[in-house]
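Some notes on the structure that comes next.
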Amino acid sequence: MNRFADRTVVVTGGNKGIGYAIAQRFASEGAQVAIASIEPQVEEAAAMLRDGGGDAIGVICDVTDGEAVAALYDRVDERFGPVDVSVQNAGIITIARIEDLSERDWDATMAVNTKGAFLCCQEAIRRMRTSGRGGRLVNIASGQAREGFIYTPHYAASKFGVVGLTQSLAKEVAIDGITVNAVCPGIIRTDMWDYNDRVWGEMLGEYGPGELMASWVKNIPMKRAGEGSDVAALIAFLASADADYITGQTINVDGGLIMS
Ligand code: NDP
């Protein structure tokens, strides 16, 4: 399939994990892809996409910084033209008992996961409205946007916020031919999950390395953890012409773990 030939796609947090899988999927379907993250390694990840035959650039951008986010979309404009699809994927998590949860961790989590999504949507919408071509925004939420889990109230709040952002923007920009949807991954094998397995596992007290992951996977009706490619496939659908009439939705991609 070459559904995204001549389309410009931005993926934040695109240098690894779910974001890299999303970037790979769009690149393989003909898109011009800009991946953004805070580490200089983002350029190495873009080079890997190019080695695989994709048209990709890497941009260092902290999504919590409005000026940096504007500069990211300016750079994309210069290199590829106006953005058609923007995937707000950058995210962080920390795990702590409520007495130990610092104001700093609360603020940082909200800043990356919720404000970062807001800033990127805002810059993308400005450009999509100006281009007159419409566009697609996809925000990465989480199973924790459906139900909060223990020791992560800040993360759950930040991801519920992503759903609110999604619904409100979907109503505002539908008239401009722009759709806005959210995606809730379940348990996906990435560096983030390695951290979760180790820290949550230790805090819950009964789990050695890899055991928490394994116990949660047992609760998934499909009996397997997700891969980045599972999430990428849903996002590619939401960005495609087949999803023209879908907006303001929040869709789980979790092997049936959460059914609400
Ligand atoms: P990773 O930890 O593997 O990747 C996170 C990405 O976010 C990295 O590219 C990182 O960049 C980037 N990032 C972090 N902070 C910033 C920032 N301030 N500005 C720009 N980029 C930033 O996580 P996953 O791939 O697992 O997660 C991707 C998304 O999916 C997140 O939003 C996460 O909350 C969500 N999710 C993940 C699940 C899972 O099971 N893995 C489950 C549910 C949701 P860098 O490498 O440069 O630090």
Side-chain angles (χ1 to χ4, degrees), residues 10-20 22 35-42 58-74 86-126 137-170 172 180-188 190-204 212 231 250:
V10 174
V11 184
T12 66
N15 64 323
K16 63 179 185 178
I18 294 171
Y20 185 75
I22 295 166
I35 55 174
S37 73
I38 34 183
E39 302 289 341
Q41 288 88 324
V42 71
V59 182
I60 296 175
C61 172
D62 179 345
V63 296
T64 68
D65 174 345
E67 282 181 19
V69 170
L72 162 65
Y73 288 86
D74 283 346
S86 187
V87 183
Q88 287 58 245
N89 165 79
I92 58 171
I93 192 169
T94 60
I95 299 168
R97 289 185 178 82
I98 188 63
E99 294 91 338
D100 302 327
L101 178 55
S102 66
E103 204 175 326
R104 191 171 153 193
D105 271 12
W106 177 279
D107 288 345
T109 304
M110 289 298 197
V112 178
N113 297 1
T114 319
K115 180 179 152 187
F118 148 64
L119 290 171
C120 293
C121 287
Q122 185 180 52
E123 284 302 324
I125 287 167
R126 277 193 223 289
L137 302 175
V138 185
N139 296 322
I140 306 301
S142 167
Q144 289 223 48
R146 302 299 202 177
E147 184 180 345
F149 293 172
I150 193 168
Y151 305 146
T152 46
H154 51 324
Y155 183 78
S158 76
K159 294 296 189 175
F160 270 79
V162 167
V163 173
L165 173 77
T166 300
Q167 293 178 359
S168 179
L169 291 180
E172 185 173 343
V180 192
N181 291 291
V183 164
C184 296
I187 298 173
I188 312 293
T190 66
D191 289 356
M192 183 179 281
W193 183 255
D194 290 343
Y195 166 83
N196 292 350
D197 182 68
R198 183 169 47 81
V199 180
W200 246 320
E202 279 169 14
M203 288 179 70
L204 291 169
L212 179 67
V231 182
T250 300

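All figures in this text were calculated on a predicted structure; none of them were measured in a lab.
Separation of atoms OG1 (Thr64) and CG (Asp107) is listed at 11.0 Å; rounding is to 0.5 Å. The distance from atom OG of Ser142 to atom CD of Glu147, rounded to the nearest 0.5 Å, is 11.0 Å. In this structure, Asp197 CG and Glu202 CD are separated by 9.5 Å, a value rounded to the nearest 0.5 Å. Note: Ile93 CD1 to Asp105 CG = 11.0 Å, rounded to the nearest 0.5 Å.
Side-chain atoms of Asn89 come within 3.5 Å of backbone atoms of Gly13 as a donor-acceptor pair (strictly under, hydrogens ignored). A donor-acceptor contact shorter than 3.5 Å is absent between the side chain of His154 and the backbone of Ala108. The closest donor-acceptor contact from the side chain of Thr12 to the backbone of Ala90 lies under 3.5 Å. Put simply, the side chain of Gln88 never gets that close to the backbone of Leu137: no donor and acceptor are under 3.5 Å apart.
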side-chain contact (heavy atoms from CB on, under 4.5 Å) evaluation trace for Glu123 with Leu72: CA-CA 9 Å; Glu123 284 302 324; Leu72 162 65; over 6 Å; no

Test side-chain contact (heavy atoms from CB on, under 4.5 Å) applied to Ile140 and Val162, step by step: CA-CA 8 Å; Ile140 306 301; Val162 167; over 6 Å; no

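Looking at residues two or more places apart in sequence or on another chain, you find no ring-ring contact (aromatic ring centres under 6.0 Å, His included) involving Trp106. The ring-ring contact (aromatic ring centres under 6.0 Å, His included) test applied to Tyr195 returns no partner, not counting sequence neighbours. A search for side-chain contact (heavy atoms from CB on, under 4.5 Å) contacts involving Ile188 returns Ile18, Pro185, Thr190, Val231, not counting sequence neighbours. Under the rule for a side-chain contact (heavy atoms from CB on, under 4.5 Å), the partners of Glu39 that lie at least two apart in sequence or sit in another chain are Gln41. Applying the salt bridge (charged side-chain N to carboxylate O under 4.0 Å, His left out) criterion to Asp65, with sequence neighbours excluded, gives no partner residue.
Contact record, Gly201 with Leu212: N-CD2, 3.7 Å, taken as the closest heavy-atom pair. In terms of heavy atoms, Tyr151 sits closest to Met203 at CD1-CE, 3.6 Å. Contact record, Cys184 with Thr250: SG-CG2, 3.4 Å, taken as the closest heavy-atom pair. Minimum heavy-atom separation, Ile35 to Asn15: CD1-CA, 4.3 Å. Residues Trp200 and Ile150 approach most closely at NE1-O, 2.9 Å, considering heavy atoms. Counting all heavy atoms, side chain and backbone alike, Gly148 lies closest to Phe160 at N-CE1, 4.3 Å.
Residues Val112 and Val63 are in side-chain contact: their nearest non-hydrogen atoms beyond the backbone lie under 4.5 Å apart. Residues Asn196 and Ile95 form a side-chain contact, since some pair of their non-hydrogen atoms from C-beta on lies under 4.5 Å apart. Residues Asp194 and Arg198 fail the side-chain proximity criterion, which asks for heavy atoms closer than 4.5 Å.
For residues 158-168, every residue pair satisfying the side chain to side chain donor-acceptor pair (under 3.5 Å) rule, not counting sequence neighbours, is listed here: Asn113-Ser158, Asn139-Thr166.
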